[in-house]
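Here the structure is laid out as structure tokens; the discussion comes afterwards.
Residues: numbered from 1 along the sequence shown. When a ligand or atom number is given, it counts from 1 through the structure's own listing order. Only heavy atoms go into these numbers, but all of them, side chains included; no hydrogens, no water, no symmetry mates.
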Amino acid sequence: MGLWQNIFYNRSMRRLRQMLEFVRMRDFTLQYSSERLFGEERRVTEEINAIMREFREMEHRHESESQLYEALLSEVDAVMIVTDDAGNVHWMNRAAIEGLCGFRFDNLDCLSALHPSLPSQFRKLRKGGSQLLAFTMPDGEERQYAASLTSLFIYGMERRLYNLQSVAAIMKQGEIMAQQKLIRVLTHEIMNSLTPIVSLSDTLSNGCMFTEEEKSHALSVISRRANGLMQFVQQYRRLSGIAAPVLQRVRIVDFISGLQVLVASFPADNCDMRFDVRCPDRTVNIDRAQMEQVLINLLKNAVETEASDVCMTVSASDDGHWLVLSVEDNGGGFPPEVSDNLFTPFFTTKPGGQGIGLAVCRQIVGNHGGMIGAECVGGGTGARFTVRLPL
Ligand code: ADP
């Protein structure tokens, strides 16, 4: 190698080493002037500059993305915490700091300041599905969260993402949506009745000549629609007039055996009803008559499905925080587009149905501080309605 070549080679190697050093320090500002360079040395230098530029742009993109995600996640009301297996916190959103505890913490153990059981409640959470996390704050406030745990890999390291949603907020949101749906249904029903009334009474009062028969026909249509509307409003009154529950302590086994007596009058020839009580001695605070009404409504719906031989199972179990009552049937379930509206007052898919039963169930269960939900089971061969009541 000639002298000049040797000098160029050494300078290029020095620049390469320097570049590697900068990359290791995650500093991508390095740029060389290639003005007075020629040939291979110039090409190597320009290559180094281009690589550093690419790194810099990548870093900027990465930073802006992180800022965007951070900003988005800080707007989310759900509490989000990322930890490692030892419970060391690697990231948390604003809701975790402000909504959950009011301070930043670096390990789940610090949550014992809120309640001694909280760190172990976090650690007991299992992946998949949502579980209840409940505790009493030092000031006596009861908190309940629907909590879920997800595993994720960040830079090749396994991390745990805890996601907590306040049960009160979920229920409030459910209420708002239910109100909106109710308003839609009410408007639709009222307009359906009022439109012919308005149009017929306009026609009658326009001074046109009508035969007595036409007049009497128009008036009877008006009367029928007006009566229909009145009945509808009376039903609504029934729905909105559900009394506050009068709670009494009831043993599950007593509750279920009372229910068995009540449903004895159901048609028995094509209907098989089973009871599976897994927590007979558990007691729960309920308005017994109202809760019986809930289960009767659910069982009546199961009987009214299209199954030729209806098989229903009522089960009762407890998951430590909730009493879980469920009614499962083999009546074909419901299509996905129906599932959003099941509990909406006046929603029905039955000819002659009133669409009140499930709305009443939801109201009663809500008044008990509980939740009710529905899902299709057996690949769409049946439905399960689940009532959760706080223990
Ligand atoms: P109704 O029985 O008068 O229709 P509900 O409020 O009790 O009023 O039920 C509303 C709708 O929910 C029903 O029309 C039906 O479409 C659906 N539904 C209720 N229970 C079941 C069930 N067990 N299986 C499938 N669909 C159901």
Side-chain angles (χ1 to χ4, degrees), residues 174-175 177-190 192-193 228-242 256 259 262-263 265-268 270-276 289-316 324-368 370-388:
E175 262 171 44
M177 278 164 61
Q179 272 172 13
Q180 284 168 350
K181 282 186 200 160
L182 175 59
I183 289 169
R184 268 204 301 276
V185 176
L186 286 180
T187 320
H188 178 256
E189 287 296 314
I190 292 172
N192 272 358
S193 293
L229 191 57
M230 210 158 77
Q231 258 177 28
F232 177 76
V233 173
Q234 268 159 3
Q235 274 175 4
Y236 177 67
R237 228 194 251 152
R238 212 181 92 204
L239 181 67
S240 56
I242 294 171
I256 296 290
L259 185 70
L262 282 173
V263 295
S265 61
F266 275 30
N270 70 336
C271 167
D272 174 15
M273 206 179 295
R274 295 173 199 172
F275 291 85
D276 174 17
Q290 287 191 353
M291 209 44 73
E292 280 171 353
Q293 181 67 54
V294 169
L295 288 193
I296 286 172
N297 287 1
L298 297 179
L299 288 166
K300 253 182 78 214
N301 276 341
V303 173
E304 284 167 7
T305 57
E306 279 161 15
S308 47
D309 287 307
V310 191
C311 181
M312 299 171 262
T313 309
V314 179
S315 49
V324 186
L325 296 170
S326 72
V327 175
E328 191 173 319
D329 64 55
N330 61 340
F334 40 82
E337 65 274 14
V338 163
S339 66
D340 270 357
N341 290 311
L342 288 175
F343 298 95
T344 304
F346 311 112
F347 172 84
T348 182
T349 56
K350 300 175 193 165
Q354 293 191 316
I356 297 279
L358 290 180
V360 167
C361 292
R362 187 177 145 134
Q363 179 101 22
I364 293 178
V365 173
N367 288 351
H368 279 75
M371 295 186 272
I372 182 166
E375 63 200 310
C376 279
V377 290
T381 56
R384 185 193 299 132
F385 287 78
T386 307
V387 173
R388 286 195 164 74

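- Within the 4.0 Å heavy-atom shell around ligand 1 one does not find Phe343.
- Counting all heavy atoms, side chain and backbone alike, Leu298 lies closest to Cys361 at CD2-SG, 4.2 Å.
- Here the CD1-CG distance, from Ile296 to Leu262, works out to 4.5 Å after rounding to the nearest 0.5 Å.
- Of the candidates Val338, Val303, Thr349, it is Thr349 that places a heavy atom closest to atom 16 (O) of ligand 1.
- Defined by atom type and a distance below 3.5 Å, a donor-acceptor pair is present between the side-chain atoms of Asn297 and Gln293.
- The nearest non-hydrogen atom to atom 27 (C) of ligand 1, considering only Phe346, Phe385, Phe347, comes from Phe385.
- For ligand 1, one of its N or O atoms has an N or O atom of Leu358 under 3.5 Å away.
- The distance from atom CD1 of Ile372 to atom CG of Leu358, rounded to the nearest 0.5 Å, is 6.5 Å.
- Atoms CE and CG, from Met273 and Leu259 in turn, are 8.0 Å apart once rounded to the nearest 0.5 Å.
- Atom 23 (N) of ligand 1 has as its closest protein heavy atom Asp329 OD2, 2.8 Å.
- Looking from atom 18 (N) of ligand 1 to the surrounding protein, the closest heavy atom is Leu342 CD2, 4.0 Å.
- Remark: distances from the non-hydrogen atoms of Asn297 to ligand 1 are all 4.0 Å or more.
- Counting the atoms of ligand 1 from 1 in the order shown, those under 4.0 Å from a heavy atom of Ala383 are 24 (N).
- Heavy-atom proximity to Gly353, at under 4.0 Å, picks out these atoms of ligand 1: 3 (O).
- Note that SG of Cys311 is 9.0 Å distant from CD of Glu328, once rounded to the nearest 0.5 Å.
- Here the shortest heavy-atom distance to atom 19 (C) of ligand 1, taken over Leu299, Asn301, Ile356, belongs to Asn301.
- The N/O atoms of Gly355, backbone and side chain alike, include one that comes under 3.5 Å of an N/O atom in ligand 1.
- Residues Val303 and Met312 have side chains in contact (heavy-atom distance under 4.5 Å, counting atoms from C-beta outward).
- In the vicinity of Gly357, heavy-atom distances shorter than 4.0 Å reach the ligand 1 atoms 5 (P), 6 (O), 7 (O).
- The nearest heavy-atom contact from the protein to atom 25 (C) of ligand 1 is Gly333 O, 3.3 Å.
- Proximity of a side-chain donor or acceptor of Asn330 to a complementary backbone N or O of Asp309 within less than 3.5 Å is detected.
- Using a 30° and 60° split on the angle between ring planes, Phe385 and Phe343 fall in the perpendicular class, above 60°.
- Atom 4 (O) of ligand 1 has its closest protein heavy atom at Thr348 OG1, 2.5 Å.
- The nearest protein atom to atom 2 (O) of ligand 1, hydrogens excluded, is given as Lys350 NZ, 2.6 Å; this is a heavy-atom distance.
- Between Thr305 and ligand 1, not a single N/O pair is under 3.5 Å apart.
- In this structure, OG in Ser326 is found 8.5 Å from CD in Glu375, a value given to the nearest 0.5 Å.
- Atoms of ligand 1 found under 4.0 Å from any heavy atom of Gln354, numbered from 1 in the order shown, are 3 (O).
- Leu229 contributes atom CG, which lies 10.0 Å from atom CD of Gln231 (distance to the nearest 0.5 angstrom).
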